[in-house]
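Notes for the one structure printed next.
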2 protein chains.
Amino acid sequence: MSVQGFSSRTDRMLDRADAVCLRRGSRLTDLRRQVLGLVLEAGRPVGAYDLLDKLRTGHKTAAPPTVYRALDFLLEEGLVHKVERLSAFVGCLHELCEEDDGCGHDHSGSHTAQFLICSGCGSATEIDDPSIHASLAAAARRAGFKPHKVTVEAEGLCSLCSAATAARPAARAHG
Amino acid sequence: MSVQGFSSRTDRMLDRADAVCLRRGSRLTDLRRQVLGLVLEAGRPVGAYDLLDKLRTGHKTAAPPTVYRALDFLLEEGLVHKVERLSAFVGCLHELCEEDDGCGHDHSGSHTAQFLICSGCGSATEIDDPSIHASLAAAARRAGFKPHKVTVEAEGLCSLCSAATAARPAARAHG
DNA sequence: TCGATGCTGATATAATATAACGATCGGCCA
DNA sequence: TGGCCGATCGTTATATTATATCAGCATCGA
Ligand SMILES: [Zn+2]
Ligand SMILES: [Zn+2]
Ligand SMILES: [Zn+2]
Ligand SMILES: [Zn+2]
């Protein structure tokens with residue numbers, strides 16, 4: 001049960017996650033659901049200890065292993081990704097998005113993630129571009145390398161922050 | 001001066017690094033040269049605290065900031081890369097390799113790195129594939145995103161480890 | 001009933017990285 | 001010359017991220 005009171009959108013996504021886990025024979029327990037909810041509500045990469053703080057408001061006894069174990073599970077299930085450059089975690093919208101026909105994500109390789117990380121506003125947009133995926137697969141094949149988990153992270157400025165910076169060199173982040 | 005006694009190959013690469021810095025108006029100090037030498041000698045990704053231990057054999061007073069400051073400089077100059085997945089550092093062979101005609105690396109974007117990381121033997125091969133670079137640049141452009149620093153990391157099995165694993169399921173790493 | 005397995009609680013610790021402040025050294029110019 | 005400034009490094013302390021370990025408890029099937 002959701003002690004926190006997530007938004008209805010988040011609750012719908014959590015229900016989808018629950019269904020996904022059921023199909024796979026894994027269990028989205030209350031604790032895992034709670035952590036996933038916090039990640040999704042954040043809407044941007046969020047650190048494990050930030051999650052821990054939030055988790056503690058409704059779960060006094062939570063400790064680092066509490067949140068790391070939940071994150072390990074969610075990573076394994078592909079429900080969240082880790083943004084390595086930020087040591088932070090973000091929800092994967094692939095399985096969870098509202099559209100039933102999918103959202104254009106490629107997750108064929110399963111453990112692959114591609115992010116555009118804005119250093120202006122802290123957003124991280126998952127792209128899962130098939131062309132990048134193909135180029136990387138080809139390069140790996142030429143090297144005789146068998147990829148298991150692939151991380152692509154571009155850090156820079158999103159279109160909004162880029163425009164803001166062009167307008168005012170010392171601009172602050174957009175909403 | 002090299003207290004450690006690096007291999008002659010490493011010393012040649014350090015001399016190249018020195019020349020590169022001179023051209024750019026930056027200074028490869030003794031300390032930075034020492035740290036770069038340790039990274040190059042390792043020949044694989046190496047953690048900051050491993051470097052610190054090695055550094056201390058010829059430099060009793062070294063502390064974490066000592067090595068992190070040197071690494072920051074070397075990263076800035078593009079002489080080393082950070083492998084985010086491993087929180088480890090590895091030399092960039094682009095400026096330093098023996099062949100005068102370059103070694104096929106693309107470093108046009110300057111702050112870009114692409115690695116094939118073997119979880120069997122710990123090797124990390126820099127590929128800098130132009131096709132990956134182009135795909136990513138195209139995807140970023142479509143999103144209105146301006147990349148500043150790009151990280152591509154594929155973790156998996158290199159050809160040697162892959163062969164070893166196929167032969168014996170519980171094989172140990174190759175040399 | 002029993003053992004195996006999976007999840008959680010709880011404490012402690014490891015591993016990675018940075019903050020802060022002062023000392024030293026050189027170059028540069030009044 | 002003397003003072004200033006920026007870059008580098010020494011030193012201590014602390015912040016941040018992640019894991020090890022062991023115990024309790026529930027669930028499930030033999
Ligand atoms: Zn995803
Ligand atoms: Zn932005
Ligand atoms: Zn490189
Ligand atoms: Zn290998």
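Note: hydrogens, waters and symmetry copies are ignored here, and every other heavy atom, side chains too, is used. Per chain, numbering begins at 1; letters A, B, ... match sequence-line order. Please read all numbers here as calculations on a predicted model, not as lab measurements.
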Report summary line: Of B:R32 and A:P65, the one whose nearest nucleotide on DNA chain D sits closer to the 5' end is B:R32
Query raised in the report: Which residue lies toward the 5' end of DNA chain D, B:Y49 or B:L31, if each is placed at its nearest nucleotide?
Result: B:L31
Just to confirm, is there a sub-4.0 Å distance from OP1 or OP2 of [N] to any side-chain nitrogen or oxygen of [X]?
| X | N | value |
| --- | --- | --- |
| A:T29 | C:dT8 | yes |
| B:K82 | C:dT16 | no |
| B:H59 | D:dC9 | no |
| B:Y68 | C:dA17 | yes |
| B:T61 | D:dT11 | yes |

Requested in this report: Considering only NZ, NE, NH1 and NH2 on the basic side and carboxylate oxygens on the acidic side, decide whether A:R85 and B:E84 come within less than 4.0 Å.
Outcome: yes
Query raised in the report: Does the pair A:K82/A:D72 count as a salt bridge with the N-to-O cut at 4.0 Å?
Result: no
Output the rounded distance in Å from [atom1] ([X]) to [atom2] ([N]).
| X | N | atom1 | atom2 | result |
| --- | --- | --- | --- | --- |
| A:L71 | D:dT16 | CG | P | 18 Å |
| A:L52 | C:dT8 | CG | C1' | 14 Å |
| B:L51 | C:dA17 | CG | C1' | 14 Å |
| A:L86 | D:dA18 | CG | C1' | 16 Å |
| A:D30 | C:dG9 | CG | C1' | 16 Å |

Query raised in the report: Which heavy atom of A:A154 sits nearest a heavy atom of B:F145, and at what distance?
Result: O-CZ, 3.5 Å
Report task. Check A:R56 against A:A63 and note the closest heavy-atom contact, atom names and distance. Result -> NH2-CA, 4.1 Å
Query raised in the report: Heavy atoms under 4.0 Å, any strand shown: does B:K60 hit a base, just sugar-phosphate, or nothing?
Result: nothing
Query raised in the report: A:R69 near the nucleic acid: base, sugar-phosphate alone, or nothing, with a heavy-atom cut-off under 4.0 Å?
Result: base
**Report entry** Out of D:dA18, D:dT8, C:dT18, whichever nucleotide has its closest atom nearest the side chain of B:P64
**Finding:** C:dT18
Query raised in the report: A:T66 side chain: which of C:dG9, D:dG10, D:dA18 is closest?
Result: C:dG9
Query - Test item: B:E153 and B:L86 side chains (from C-beta on) under 4.5 Å apart, heavy atoms - result: no
Query raised in the report: DNA chain C: A:S26 or A:A63, which has the more 5' nearest nucleotide?
Result: A:S26
